[in-house]
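Side-chain atoms are counted along with the backbone in the values below, which use heavy atoms only and exclude waters and symmetry mates. Since this is a predicted model, take the numbers as computed values, not measurements. Below, chains carry the letters A, B, ... as their sequence lines are ordered, and counting in each starts from 1.
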Amino acid sequence: MKVILKTENLCKTFKLSAKQQKLQNTKKKTITAVDNLTFEAYEGEIYGLLGPNGAGKTTTLRILATLIKADSGEAIVDGASVTKEPDIVRSKIGFLTSELKLEDFFTPNYLYDFFAKIHHIDPEVSKVRKKELFEKFGIDEFAEVKVANLSTGMKQKASLVISIVHNPNIIIFDEPTNGLDVLTARVVTDFLADLRNQGKTIIVSTHIFSLVERLCDRAGIIIDGKMIANDTLENLTAEKPLEDVFFDLYAATVGEAEKIGGTL
Amino acid sequence: MKNILTIMSKEFTRFFTDKRMVIATILPAVIIYFVYSFMGTMMTGRFTADEDHTPWVYSVNTPSFFTQFNINTVLIEANEIDTVKERILKGEVDLLVIFPENFDALVDAYDVRLTPDKPAPNIEMFFNSTAANSNMAFYTVTAMLDAYEATLSNKFDINRGIENPDLASIEEVSANIIAMMMPMLLMIFLYSGCMGLALESITGEKERGTLATLLVSPLKRRELAVGKILSIAVLAFLSGSLTAIATILSLPNLMGGIETNIYSVVDYILLAIIILTVLLLMVSLLSIISAFARTIKEAGQATMPLMVLIMLVGVSGMIGGGTQAETIYFIVPLYSSVKSMSGIFALDYSPINIALSAISTTIYAGICGYVLTKMFDSEKIMFSR
Ligand SMILES: Nc1ncnc2c1ncn2[C@@H]1O[C@H](COP(=O)(O)OP(=O)(O)O)[C@@H](O)[C@H]1O
Ligand SMILES: [Mg+2]
C-alpha cells in the first residue's frame, strides 16, 4: 500500500487574546491545538481523525489544506510539501469545512464554472462532470438559484460539489455530516464511500463514533492535540466497540493529566 | 495571468448584475449634473435682469442732464416720494432718485479745495435689491452718475477706448478655473468610488468566509491580490469618469461663460493615465486596510484617516498653483497625481513630470499590492478571531 499523505510531528499553538482567555476560562497565554501529530494515510482508503470538540482536528486539517501554517513539523500531500509548495498541495486536494462559504450573490452553476476555471479544467470535461455531480446531488433543481436563497442542506451539497470540481485524488473533509439532516448526511457518506471505490483517498474528521465505524478503514484518536491511538479499524475494535475504546483511552489520558496536576 | 482574468470577470459579473451597485455608481453622476446645473440656473436667474428692460426711474428736482440718460425718467414732486417707494416694493417702479433743489447750481458752487469741511451735494437713491430689474437700475444709474461726475472735473481716464483689457483668453481663464476645482473633486469622486467596492470585495468576503474558499483553491496569493485590485480600479475608473464627465458638462451651467471644450485628445489620455495610476494606489491602500479589518463596519472606520488625507491632498491642488512645480513633487504619492491633474486641466504641464508621477504612483501601488499578497498569506490577518 502506498502512503499518499503523511504528517510528521505537526505542532500548532495559538496565542489567546484576552477575550479568548475569558471565553475559555483560562489564564494561559497560548493554547496547544496540535501536539506532535504524526500519521499516514494510504492511497484508496478513508482515514478518520476521531476526537472530542477542541481536540485539534480542524486545526490539523487546515494545516493540511495550507490555510494555516504549522509551528513545526511537516506534512507531505501526494509528494508536495505543505510548507514549501502550498500552491501545488491546494491543486491536489479537495478541502471542505464549514468555515468555507460560497458567495451568496452567485448561483451554484456560476460558482462551479468559476472554480473549474481557477483549476484550469477543460471546459468540455468540466461540463460533463458538472452535469453528473449536479444530478447525483439533486443540485440541478436549484443550479440557478442564488446561494443566498438556498437551505443549509442545499448549500452544503453545493459546497461539496464545488470543492471537488477538479476531481482531486485526495479529499479532506471536516465533520462531513455536521449540521445536515439525516437524508443529506446519508447522501454525503454514501458519496464518500463511492469516492473510495473510485480509488480516491479521503481524510475525515469527526466526533461521531458510528461514522468512523461505518466508513473508515483506519482511524486516529486525538485528544488534546495528541495522537492517542492510530490503527486499522479492525485492530481498534478487536476487543470492544469503538466508543468504549475511546472512553477508556480518554479516562487514561485525561485521568493521568489530572493525577500529574494533583501531585504538582 | 489567466487566473487574474477569471477573478476580474467574476468581480465584474458581481458588479454589473447587481442593480443596486450599478445604480449606486451612476446615481452620483446624475445627481451632480442636475444639482450643478440647477444651482447655476438659480444663481443666474437670481442675478440677471431682463436684457431688454429699460429702467423706470422716478426722480425729484430733476436736473436737465439727467433727462438725457437712456432711461425712462418720470419727473415727480417731493410729496409723491412715499407712494413711489411703495411702488418700488411692488415692482412697478425700478428706482427713485432724489436730487437736492437747484442741483446744477450747487454743483457749480462746490469746490472741495475752497471749503474742505462742507459736504458735497448729495443724491439719494432708493431701490429694491431683491428685484433684478430694480437692482440693475440702481447700478446702471450709479454708473451713469459716476461717469457724469467724472466729466465735471476730468483729470485722467483709465482704459479709454479699450474694449476688453483682460489679456487672458477665455480658454485660459476657463482652464484655470477648471484646474482649481476639478482635481479636488476628482480625488473625492475616485476615492468614494473605490471605497465601497474595496470594502465589499475584500472585508466583505473575509467577513462572510468566501475569501477562505478562494484561499484553499490553487490560486496564487499574488493573482488574487492583483485580480482584486485591478477589477476594483477598473470599476472605480468607470464610476469616477462618469462623475467627472457629469461635472465637466455641468460646469458651464454652474459658472456661465466657462468654456470646457478646450482640451485635446492627448490631454484626456494623459488625464486618464494619471487617474488610473492614482486609482491603483488608492485601491491598493484601501485593500490593505480592508484586509486588516474583520468587519465592514470596522473597515469603514479604519478608512476615515485615508479619506481625510485624500481630501487634504485634493485641496492642496486648489491652492498649490505653479503647475510646472519642481520635479521632486512629482514623486510624492497622491500629491503628484493632484499636481499632474491640475497641470493638465490648466493646459500648463511638463510631460516629464506627468510621466514621473504616473510611474512613481504605479510603483507605490505595486508595493502596496505586494503587501496585500503577503497579507493574504498571513493566517493571523486572514483568520483573526
Ligand atoms: N484561531 C485560533 N485562535 C485561538 N485558538 C484556536 C484557534 N483555532 C483553534 N483554536 C483552539 O484550538 C483548539 C483546537 O481547535 P480545533 O482544531 O477547532 O478542534 P476540533 O476541530 O477538534 O474541535 C481549541 O481549543 C480551539 O479553541
Ligand atoms: Mg472542528
Side-chain angles (χ1 to χ4, degrees), chain A residues 12 14-17 19-20 23-24 58-59 61-71 80 85-107 110-111 113-121 146-148 155 158-159 162-163 165-166 168 172 174, chain B residues 1-22 24 197 200-228 231 294 296 298 373-385:
Chain A
K12 178 74 183 176
F14 290 108
K15 282 203 181 64
L16 290 181
S17 63
K19 203 170 107 196
Q20 286 170 319
L23 228 67
Q24 306 194 358
T58 304
T59 307
L61 298 191
R62 289 172 86 205
I63 293 172
L64 290 178
T66 76
L67 268 184
I68 61 176
K69 296 180 188 72
D71 299 339
E85 305 151 302
D87 302 341
I88 299 178
V89 171
R90 287 199 293 271
S91 70
K92 287 179 182 286
I93 60 165
F95 179 52
L96 199 58
T97 141
S98 58
E99 153 187 42
L100 306 180
K101 301 278 171 30
L102 297 179
E103 271 176 83
D104 275 352
F105 184 81
F106 293 104
T107 63
Y110 184 93
L111 289 170
D113 292 342
F114 171 75
F115 282 101
K117 268 188 229 153
I118 291 291
H119 282 279
H120 304 286
I121 313 289
K146 283 188 182 174
V147 171
K155 276 184 197 167
S159 290
I162 285 168
S163 71
V165 277
H166 52 307
I172 300 176
D174 189 25
Chain B
M1 188 58 211
K2 217 177 129 204
N3 284 345
I4 294 177
L5 292 179
T6 309
I7 294 174
M8 290 178 71
S9 126
K10 181 170 129 249
E11 297 281 330
F12 291 159
T13 311
R14 168 86 183 84
F15 180 87
F16 285 109
T17 53
D18 189 339
K19 277 196 213 90
R20 276 188 324 186
M21 277 188 148
V22 174
L197 291 170
E200 171 61 30
S201 162
I202 295 184
T203 322
E205 284 220 38
K206 185 178 159 188
E207 193 177 0
R208 292 189 296 266
T210 55
L211 197 58
T213 313
L214 287 172
L215 291 176
V216 286
S217 78
L219 271 181
K220 295 209 167 44
R221 274 42 175 160
R222 178 168 36 85
E223 295 169 331
L224 186 59
V226 173
K228 288 263 178 198
S231 42
R294 269 171 297 197
I296 291 208
E298 201 179 288
T373 303
K374 288 288 148 202
M375 291 174 75
F376 280 152
D377 216 16
S378 155
E379 60 177 83
K380 282 216 182 55
I381 294 167
M382 284 298 108
F383 304 106
S384 55
R385 286 199 185 170

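Atoms CD1 and CD1, from I118(A) and I7(B) in turn, are 5.0 Å apart once rounded to the nearest 0.5 Å. Rounding to the nearest 0.5 angstrom, the gap separating the CD atom in E200(B) from the CZ atom in F105(A) is 10.0 Å. Distance CD1/I162(A) to OG/S217(B): 12.0 Å, rounded to 0.5 Å. To the nearest 0.5 Å, atom OG1 of residue T6(B) and atom NE2 of residue H120(A) are 7.0 Å apart.
Judged by distance alone, the side chain of T213(B) and the main-chain N or O of K101(A) form a donor-acceptor pair under 3.5 Å.
Most heavy-atom pairs under 4.5 Å with chain A, from the set M382(B), R208(B), E205(B): that is E205(B). Between chain B and the options L67(A), D104(A), D87(A), heavy-atom pairs under 4.5 Å are most frequent for L67(A). Residue with the most contacts toward chain B among K15(A), H119(A), H166(A): H119(A) (heavy-atom pairs, distance under 4.5 Å).
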- Message: If you apply the rule side chain to side chain contact (heavy atoms under 4.5 Å, CB included), what do you find for F106(A) with T17(B), and how did you get there?
- Response: CA-CA 10 Å; F106(A) 293 104; T17(B) 53; 5.6 Å; no
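Contact record, L100(A) with V216(B): CD1-CG2, 3.6 Å, taken as the closest heavy-atom pair.
Along residues 89-97 of chain A, the residues that come nearer than 4.5 angstrom to chain B, judged on non-hydrogen atoms, are R90(A), S91(A), F95(A) in order of number.
At most 12 heavy atoms of other shown residues, nucleotides or ligands fall within 6.0 angstrom of atom CZ in R222(B).
Ion pair E103(A)/K10(B) flagged as a salt bridge, since at least one NZ, NE, NH1 or NH2 atom sits closer than 4.0 Å to an Asp/Glu carboxylate oxygen.
Contact check for R14(B) versus Y110(A): no side-chain heavy atoms found under the 4.5 Å cut-off.
Within the cation-pi definition used here (under 6.0 Å to the ring centroid, within 45° of the axis), R62(A) qualifies as a partner of F383(B).
For a residue to count as touching a neighbouring chain, one of its non-hydrogen atoms must lie under 4.5 Å from one of that chain's; by this rule F115(A) touches chain B with the side chain only.
The side chain to side chain donor-acceptor pair (under 3.5 Å) search around D377(B) returns R221(B), not counting sequence neighbours.
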